[in-house]
There are 2 protein chains.
Amino acid sequence: MFTSFSIFAVVIVGLGVFTHYYLQRAPDMPKLDLNRWWGDGNRPNQEDVTIRPFKIVFNETMIDDLKMRLRNRRPYTRPLEGMQSEYGMNTIYLEKLLKYWQDEYDFKGRADLLNRYPHYKTRVQGLDIHYMRVKPEAKGKQVLPILLMHGWPSSSKEFDQVIPMLTTPRNGYDFIFEVIAVDLPGFGFSEGTNKPGLDPLQIGILMKNLMKRLGFDKFYIQAGDWGSQAATHMCTVFPDDILGFHTNMPVSIRRISNMKTLFGSLFPSLAVEDKYRHRMYPLSDTFSYLMREGGYFHLQATKPDTIGAALTDTPAGMAAYIFEKIAMASNKNQLDTPHGGLESIALDDLLDTATILWANERITTSMRLYAEAFAPSEIFIVHEIPTKVPTAAIKFLHEIVYQPDWILRDKFTNLVHSTTLDVGGHFAGMHTPRELADDVFESVVEFIKFHEKYDK
Amino acid sequence: MFTSFSIFAVVIVGLGVFTHYYLQRAPDMPKLDLNRWWGDGNRPNQEDVTIRPFKIVFNETMIDDLKMRLRNRRPYTRPLEGMQSEYGMNTIYLEKLLKYWQDEYDFKGRADLLNRYPHYKTRVQGLDIHYMRVKPEAKGKQVLPILLMHGWPSSSKEFDQVIPMLTTPRNGYDFIFEVIAVDLPGFGFSEGTNKPGLDPLQIGILMKNLMKRLGFDKFYIQAGDWGSQAATHMCTVFPDDILGFHTNMPVSIRRISNMKTLFGSLFPSLAVEDKYRHRMYPLSDTFSYLMREGGYFHLQATKPDTIGAALTDTPAGMAAYIFEKIAMASNKNQLDTPHGGLESIALDDLLDTATILWANERITTSMRLYAEAFAPSEIFIVHEIPTKVPTAAIKFLHEIVYQPDWILRDKFTNLVHSTTLDVGGHFAGMHTPRELADDVFESVVEFIKFHEKYDK
């Protein structure tokens, strides 16, 4: 018995030493092409670097066609007796949403609402990128540029409630933000590439080039989902140019972090505060949740063109598919209700997202990002390199993954601010814009302090 | 060094003893309701047990609507530069298939072709079940009843080339078959249930009741894919009534078989003949293949109603989705071609399958089977119980899984015939009807010998 324990102790200590010295070691930064061409064909001799004002238009032809398709939809198979969302989207509930989209959603009014901000497009590395650029009502405050980056299946629209909260002066803060809310390539109104390889690392490089085009050499970032992955790579590749990174999906996928997560499952009380333990352990709960909810991820990471071809042809089907995933990332306690969690977001906001995806035919190009993220490339080296960029993590209650700060620090060595909330979900800009904006202000105070302390 | 080896040997032997005595042990058969009601509401006092002749009709309204939808299809996102099927269905190739479906596929002629066999429907346990029943040109031969069971996304149509090969007399054989080719509930022209729980075990019970309705107390079975799973359960639950089981997807998923597969990866030369080793090992290749190709399985096992809602509304999308999977199960060496393996099946046969699924709106009901197969039920106990039914395994080259006979015998203790071919794929009735029919005749000779030897 004693011997068994000794062997166990030796193994644990040995593994500890191994993980510390071997897995903590960061690889060298690979050589990256910082100006890869993602447009059709080859790079032209003269690149178009103009910045063009843009207005969102949902045109009559698109609207009529969309409504025709919704009207001509074939009847759905009803849910199995006694089931809500256990087998996926509840088709009775879905019908209500589709009827609203068809008969009541105000296409023009919603476009006008988005057009209250100034929109632009400019070509970066061959792709026409759309963004909103909103200058603040400054009045004697320091203006700080901040790039907002969304994830799937969103667009910059996800931030429309957050933007005014960042551009309006606040008591107690001597700074204010100029917001650049961008659509990732292949999402929203931004062009997708026709070349393989545009993974989150490459998107990060492209975003850095966009900000340079707009005249920002150094700036802050707020991001979630794939936007947060791309931003994490920006922080790793351009550590001197990102002034601070605020993420609502903080995650380190370094090998050492995975190892710590596994070891933590043996001693959860050492790994994570008691009150947040259920967000992480038992791992079996997390795996069950990811297994139950991760089919879309598996499919998009392997066959995006197939599911893309299917969803390109049916607005009702596309809505069912994306709404089911928005629902699951909104409220883990409501998975087995008819709406699956969807009712924590206003229906008009959901339909803005669906309409933008549909009108721009971005379903295939946006889903391809999952496949690119797992294709062999330098990204797997960059994942392992920590970043010194001061970082703030906000952890909402229903976020898909949870990591405690000591694991996040494997990647973000200067995690200067961390907030854990008992509300909110994955689409923070839509669920809890106020909490998100408040935390950005608080975090930037810490970022500024960090630079005052450590910069020469 | 010697000590390490000794420890290793002790561990291996110990695990061997453990697996033999613990994992080989079969649980008791659970108590099963052999007449569960799958129809809407409650069982009526008087059940309809009539057998009604049926004809396949692709009606004008359906055809016009289908063609309208194909014509109005939105343009596809083209494949990424240099890619064939690496990101899923090649949309340029797909367009050709869809154009053929829209302009050249002969709906009436294809229905007539299927109607050359006598079709019937009858209600079993509340569900209207469709089947073909084809009596042979007997002339002094013994007539043996055989039930043919297909899988996803097929129907009894999969067997239309095999049927005449089984019902035509052969030199050297003094028996011939009467064929019952059935559509599984929720597939083809068979009604789906509106109640949860209709898993492969329950389908097996329903099929047994169908055969009883048709007057067959004892019969043979040929099956693949989910049909083979259902048939395996029939063999386990009704061992005295199944005279012999011929399967083209032979698989034991008993725990001991999984254990043997794992151990075999340490000593592959002991686990599997050299010439077939690459069909099984290295396991990493198998896992990569299943990971790359298994997204649809993951999604259908967790969210069938979501993907069902999407594919119900677009014939083009439904075709893309099912054709990609038919392709992958057809030829593993052609995964990265534009057709992905699809060209090993005639286009008209593929479109029969698509048209039947579409016309009957069976996409959701058929995909739900994946979810039911993993829902908690007695099925996990029945999986662990071996069957004494004499069994024949035919292993085609591109079948999704491969198990050597010594593993198959964990489940099928009387594996009396085994054939491994260097041709063919998962949809044997469509790829290689001749090889399939030949092997059925050869196997039934062995089944008869088995009964002569062991039955009183």
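What you see is a predicted model; the values in this text were computed from it and never measured. Reminder, nothing fancy here: chain letters follow the sequence lines and each chain counts from 1.
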Please report the shortest heavy-atom distance between [X] and [Y], naming the atom on each side.
X	Y	result
A:Y87	B:G197	OH-N, 4.3 Å
A:T306	B:Y321	CG2-CA, 3.7 Å
A:L94	B:A309	CD2-CB, 4.3 Å
A:L311	B:A310	CD2-CB, 3.6 Å

Query raised in the report: Does CG belonging to A:N42 count more than 12 external heavy atoms closer than 6.0 Å?
Result: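 No.
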**Report entry** Over 12 non-hydrogen atoms of neighbours within 6.0 angstrom of CZ in B:F287
**Finding:**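 Not buried by this count: 12 neighbours or fewer within 6.0 Å.
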Query raised in the report: Rounded to the nearest 0.5 Å, what separation is found between the CD atom of B:E81 and the OG1 atom of A:T193?
Result: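 The OG1 atom of A:T193 is 7.0 Å from CD of B:E81, to the nearest 0.5 Å.
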Query raised in the report: For B:A371, is it the side chain, the backbone, both or neither that has a heavy atom under 4.5 Å from a heavy atom of chain A?
Result: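 For B:A371, the contact with chain A is made by the side chain alone.
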**Report entry** Toward chain A, the part of B:E361 with a non-hydrogen atom under 4.5 Å
**Finding:**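 Both backbone and side chain.
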Query raised in the report: Which is it for B:D40 and A:R78 under the salt bridge (charged side-chain N to carboxylate O under 4.0 Å, His left out) test, yes or no, and what are the steps along the way?
Result: CA-CA 12 Å; B:D40 273 358; A:R78 61 196 158 144; 2.7 Å; yes
Using a cut-off of under 4.5 Å on heavy-atom pairs, state which of [options] scores highest against chain B.
options	result
A:T91, A:N72, A:N194	A:N194
A:M83, A:M367, A:M318, A:E293	A:E293
A:L80, A:T77, A:D65	A:L80
A:A320, A:S85, A:G317, A:G295	A:G295

Query - Full working for side-chain contact (heavy atoms from CB on, under 4.5 Å) between A:R73 and B:D313 - result: CA-CA 6 Å; A:R73 183 178 58 74; B:D313 197 35; 3.5 Å; yes
Query raised in the report: Does the A:H298 side chain pair with the main chain of B:L299, one donor and one acceptor, at a distance under 3.5 Å?
Result: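 Not a single qualifying donor-acceptor pair exists.
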Query raised in the report: Are side-chain heavy atoms of A:F374 and B:M291 found at a separation under 4.5 Å?
Result: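 No, their side chains stay 4.5 Å or more apart.
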Query raised in the report: Are A:M89 and B:K303 side-chain neighbours, meaning at least one heavy-atom pair lies under 4.5 Å?
Result: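 Sidechains of B:K303 and A:M89: no contact.
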Query raised in the report: At a heavy-atom separation under 4.5 Å, does A:Q300 approach chain B through its side chain, its backbone, both, or neither?
Result: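 Neither part.
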